[in-house]
Amino acid sequence: MASSGHLPYTLKFEDSTDIIRSIRSGEQPPIHYKLDVNSFSQITSLLLADSKFLESTEFCVGGYRWVMQIYPNGNRNDDGEGHISIYLKLCDEPKYGSFINTIFRALVYDQERRKYLVIQDLREKRFDATNRIWGMSKALPHAVFNAKCNGFLIKDRCTFGAEVFIMYATRPIAAEVSSIHSSSTCKYTWRIEKFSKLPEIVYSPKF
């Protein structure tokens with residue numbers, strides 16, 4: 001993880017070997033999706049119950065449909081208490097045997113400095129028929145997000161972004177099985193006389 005000392009924010013991020021945070025110019029907006037949120041505190045209060053999230057509209061990357069899921073109060077079912085949890089969901093339903101390996105970046109806009117905080121999970125995530133949601137339960141601590149001097153939440157407004165990089169994708173090869181039915185009704189009868197006196201191997205006439 002990038003050292004919190006390199007980031008211009010008060011308070012420290014929780015250490016993690018799987019997440020790296022960096023700063024990017026506001027002139028480079030999120031490549032794939034940007035979500036502007038107004039009345040953030042009101043939305044937070046409406047989603048106060050566990051496992052409640054704000055879901056974006058669909059966006060397309062690599063021929064697949066995706067949405068962002070943001071837990072303003074943290075996803076407590078994924079040890080995200082005290083943080084904003086951010087996830088990526090695949091809307092399409094992959095067939096069994098197919099999968100998509102991705103790298104996911106979440107972005108949060110710093111309105112004071114006009115820069116983006118980029119939060120990236122270093123591990124590739126595999127989306128398939130049984131796992132269609134991956135993300136970061138401890139993407140951004142509430143203390144960091146809510147501090148006015150950090151610029152993420154100004155006048156109850158904030159902006160999130162998503163970037164999805166498809167590293168590898170595969171689809172199952174459909175196997176075609178054809179049944180062969182004989183339509184022949186021909187019969188052949190071989191009458192054998194004096195069976196006990198036949199040699200060891202006997203060949204029938206051709207038919």
Atom of [X], atom of [Y] and distance for their closest heavy-atom approach:
| X | Y | result |
| --- | --- | --- |
| Leu153 | Cys158 | CD1-CB, 4.2 Å |
| Thr44 | Pro72 | OG1-CB, 3.6 Å |
| Leu35 | Ser56 | CD2-CB, 4.4 Å |
| Gly74 | Ser85 | CA-OG, 3.5 Å |
| Asp18 | Asp121 | O-OD1, 3.3 Å |

* Nearest 0.5 Å, what's the OG1-OH distance between Thr102 and Tyr64? -> 11.0 Å
* Answer yes or no on whether Arg126 is positioned over the face of Phe99, meaning its NZ or CZ is under 6.0 Å from the six-membered ring centre and within 45° of the axis. => yes
* **Salt bridge Asp36-Arg157, side-chain N to carboxylate O under 4.0 Å** => no
Between the side chains of [X] and [Y], is a donor N or O closer than 3.5 angstrom to an acceptor N or O?
| X | Y | result |
| --- | --- | --- |
| Tyr87 | Asp78 | yes |
| Thr159 | Tyr116 | no |
| Asp156 | Ser39 | no |

* To do: Could you label the plane-to-plane angle of the Phe145 and Phe152 rings as parallel, tilted or perpendicular, counting under 30° as parallel and over 60° as perpendicular?
  => parallel
* Asked: Quick one: does His83's side chain have a donor or acceptor within less than 3.5 Å of a partner on Asn73's backbone?
  -> no
* To do: Applying side-chain contact (heavy atoms from CB on, under 4.5 Å), run through Asn75 and Phe53 and close with a yes or a no.
  => CA-CA 8 Å; Asn75 184 2; Phe53 53 84; over 6 Å; no
* Listed by chain and number, what are the side-chain hydrogen bond (donor to acceptor under 3.5 Å, both in side chains) partners of Arg65, not counting sequence neighbours? -> Glu58, Asp92
* Asked: Any link between Ile86 and Val118 through a network of hydrophobic side chains (Ile, Leu, Val, Met, Phe, Trp, Tyr) touching at under 4.5 Å?
  -> no
* In a check of side chain to side chain contact (heavy atoms under 4.5 Å, CB included) between Phe104 and each of Gln120, Glu163, Lys125, Met136, which one passes? -> Met136
